[in-house]
Amino acid sequence: MKNKKYAGVIKRIHQEKPQAFEPKEILNVLDNEPVIYPEQLQLWEWIGNYYLCSEGEVMAAALPAHFKLSSETVLIANEEYGEDFSALDHDEYMVAEALLIKKELKLPEVQQILDSSHVYPVIKRLIDKKVCFVWEALKETYTAKKETYILLNKEFDDEEHLSKLLNEDKKLQRAEKQMELLLSYLHLMKTQGEVTKTELLKKSGATDAQLKGLIDKNILWSEKRTIDRLKYLPRNINIDFELTTMQQECLQTIRQSFTDKHVCLLHGITSSGKTLVYIKLIEEFIKQGKQVLYLLPEIALTSQIIRRLQKHFGGYIGIYHSKFSQNERLEIWNKIKTGELKIVLGARSSLFLPFENLGLIVVDEEHDASYKQQDPAPRYHARDAAVYYASLFNGKVLLGSATPSVESYYNAATGKYGLAELNERFGNMNLPQIELVDTKKIINKEKNKVILTPELQQAIEESLNKNRQVILFQNRRGYSPYQVCQVCGWIPKCNNCDVSLTYHKLSNKLQCHYCGTTYPPVTVCGACGNHNFAQRNFGTERIEEHLDEIFPKVKVARMDIDSVRGKSAHDNLIQLFEQQRISILVGTQMVVKGLDFENVDLVGILDADSILSFADFRVNERAFQLMEQVSGRAGRKDVEGKVLIQVANIKHPVLAYVQAHDYKTFFSNELEARKRFFYPPYSRTILITFKHKMKDVVESAAQLFAIGLKNDFGKYLIGPGVPPVGRVRNQYLMEILLKLPKDASTIHQAKISIQQQTAILHNNKKFRSVVILPDVDAV
Ligand SMILES: [Zn+2]
Ligand SMILES: [Zn+2]
């Protein structure tokens, strides 16, 4: 056994000797006070039990990197700290200096420097002092722009101290220029909330030396910060709008439902002003001294919504985002823990923040599938975990959506949750008019799907002529989803996965969208040696090219994960479109989420068939949500909106519900089908995936596992079977699905059986290396 060291959390102190293992000694205690609250431990435990994973796995997801020091930890210097180490003690100084030279240090190197194995407390202090942080793979890939900010010594936050300084400090009064500088600083701070050095010197006409004088007197101090980090806004609430009568009634319904229910669903059509209702409700909770968590899908967490909330809640609000640096995330963590921050706007993982007094969780776009974590464990659903977490504080949860998930709407319809509705668009604007365009009649000679029908092309021209903007949606990226040999039908596939390769024209490569491997374009058929390939289907890249050909003078942009890599690319693109410097935006699901554009009057869904043909019991729900959400982007304020859906399967029932914007009929028909086939909300599903590099091993493993479950759960069991993509990254896959009745004891028994079967299988030498992944409430 290697000498590995890990950080952990002390959960309970007791005198019982462990039976199954030899306990290890605690080497160092890193924190003098608890880093998390008991409610968080409870949440971790609940997630572990509910989603069938270990609490250690939950901890790994929940704690920021600097809490998880281990012998594998790599420290990197924080360049923002600078080179002034006068505030450090001897040990800290030794490590800091080595870091300054080497930029990064591994734990054994730190041990050498200090000549001791008790290095963890030193490292912990260095992290707390922001001298260094823990390196995280794949993150921090951008270098942030830095700016020097000037701050007032905390002592003078106190009015009395400040006035004493200004009126009675003789030394300062003699230094006239410094006094002038200080006064203009105070003025800037009042009006803007934060002051950069550049701006201060420019506005006051002072010199560097005069500023240094004030810093030497300990009145001001300077700090280097990345420019786009959180703004230090003044702490005040500024609600400068009134709700409409309907929104007011909606808010009243929510309040009413909170008197006897913990959760309320707000079903509000697009542009009905859901956010305004959230803001009013948040204000009420803040005024009671409670904290509020506002959850959004990661991709919807754009500067649009951030700016909007900051306008109302200023410095009370913190943003928690995976794109932020460790320093920023650590800062939010600490300020939430002390209760200093009242509101957090964040993605899924902000559920793990140490709230002190959580009163309300808003789960916006609650239907969004990205709330469910896929890989690695914990495979938790943030919406459902939020309902549990809030209950620990006796807090409330508001779920919001224009297209609620079937599960949540069912809970509201059956009275478990409250239900509030907003059925009118803001300012009496109509819902967009939706037209279906039948693509069957115009399939061309090569049997290729048509990119733009004449109807859609004409509608685009009309919009552009009116100086309006257009959004075109296609849920496939790249140039063409597959190439096919025109002679024998051979399709190039990935070597590691059972999927066809997507051609990307910009990079001139074939790419596997499952494992990311790229290949040079194929020019010779791998089966018959022919050179004739046809491009089948089309992705966003091809649409962009096509539009450039038809509308050479029009500015077209593309929004998908290929075009918006990097920290700010997504926000930049949104801003360009907002400023109407782009006329047509082509995109994948990214264009759907959380964006409001006032000048868009046309939305085109280019290939609805690809949305309607997934092999999954949620296919209709997803299709309805996606099409209704995309449609909602058309028409704002006084712009009448129009949506064109290109589709071959024109009789598909979901299209009619979308056309009528009729969620309720969609819901009741969908519910029928779910009942008939015993799917959620009538049952609870657990999907078990098996992975191994040998096909026969994974097949027999899944078979054995299924046999083990058959006795007690045979009638709820489907499979084992091969999933639609049977091999990913050279691992063969098998699946078992359990559809369990929703009574607690059956579900509990099933979970125990799954754990037992996993243990049995892993005890068998032949199956030891089979990966078994249970996914509770899989989406
Ligand atoms: Zn061929
Ligand atoms: Zn692949």
Side-chain angles (χ1 to χ4, degrees), residues 137-138 141 369-370 373-377 379 443-449 474-542 560-565 588-590 610 613-616 687-699 701-702 720-735 769-773 775 778-779:
L138 302 175
T141 45
S370 66
Q373 172 151 321
Q374 298 298 342
D375 264 312
R379 293 178 180 77
I443 283 176
N444 51 23
K445 295 200 285 287
E446 293 92 37
K447 286 188 184 157
N448 235 343
K449 281 193 175 174
Q474 167 69 332
N475 65 342
R476 288 198 173 106
R477 61 195 177 92
Y479 189 80
S480 71
Y482 59 98
Q483 293 175 299
V484 56
C485 169
Q486 286 190 309
V487 180
C488 74
W490 180 79
I491 294 166
K493 287 192 167 174
C494 179
N495 292 336
N496 314 316
C497 317
D498 284 342
V499 280
S500 55
L501 297 168
T502 300
Y503 178 59
H504 287 249
K505 195 167 189 179
L506 198 67
S507 57
N508 192 29
K509 287 210 165 88
L510 292 170
Q511 198 191 90
C512 171
H513 285 180
Y514 278 75
C515 71
T517 308
T518 56
Y519 302 81
V522 178
T523 48
V524 182
C525 171
C528 75
N530 237 291
H531 293 268
N532 289 337
F533 280 95
Q535 310 281 353
R536 277 284 185 271
N537 241 321
F538 54 90
T540 45
E541 207 184 7
R542 177 109 173 257
D560 54 34
I561 59 168
D562 301 311
S563 70
V564 298
R565 291 191 199 280
T588 55
Q589 309 217 13
M590 264 188 187
S610 67
S613 61
F614 279 114
D616 180 86
L687 179 71
I688 308 160
T689 305
F690 302 80
K691 283 192 196 179
H692 197 268
K693 57 180 189 294
M694 315 267 284
K695 196 165 192 245
D696 54 331
V697 172
V698 77
E699 277 174 2
V722 184
V725 176
R727 188 178 54 119
V728 174
R729 293 171 203 270
N730 273 322
Q731 301 267 320
Y732 288 91
L733 307 179
M734 289 292 282
E735 280 179 353
S769 52
V770 175
V771 178
I772 303 169
L773 304 170
D775 188 357
V779 298

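Scope of the values below: all heavy atoms of this structure, side chains included, with no hydrogens, waters or symmetry mates. Just so you know, ligand 1 is whichever comes first in the structure, and atom 1 is the first atom listed for that ligand.
- In plain terms, the two heavy atoms of Ala778 and Leu687 that are nearest each other are CB-CB, 3.9 Å.
- Arg727 has its side chain within reach of Tyr732: a pair of non-hydrogen atoms, C-beta onward, lies under 4.5 Å apart.
- For the atom pair CD (Gln731) and NE2 (His692), the distance works out to 7.5 Å, reported to the nearest 0.5 Å.
- Take a cut-off of 2.8 Å around the Zn ion (ligand 2): the protein N, O or S atoms inside it are Cys494 SG, Cys497 SG, Cys512 SG, Cys515 SG.
- If you check the side chains of Asn495 and Thr517, you find no donor sitting under 3.5 Å from an acceptor.
- Shortest non-hydrogen contact noted between Ala369 and Val779 is O-CG2, 4.2 Å.
- Residues His504 and Gly478 approach most closely at CE1-CA, 3.5 Å, considering heavy atoms.
- Between the side chains of Thr689 and Asp775, no donor-acceptor pair is found at a separation under 3.5 Å.
- Thr588 contributes atom OG1, which lies 8.5 Å from atom CZ of Arg477 (distance to the nearest 0.5 angstrom).
- At a threshold of 4.5 Å between non-hydrogen side-chain atoms, the residues Tyr479 and Thr540 do not count as touching.
- Legend: protein N/O/S atoms lying under 2.8 Å from the Zn ion (ligand 1), waters omitted, number 4.
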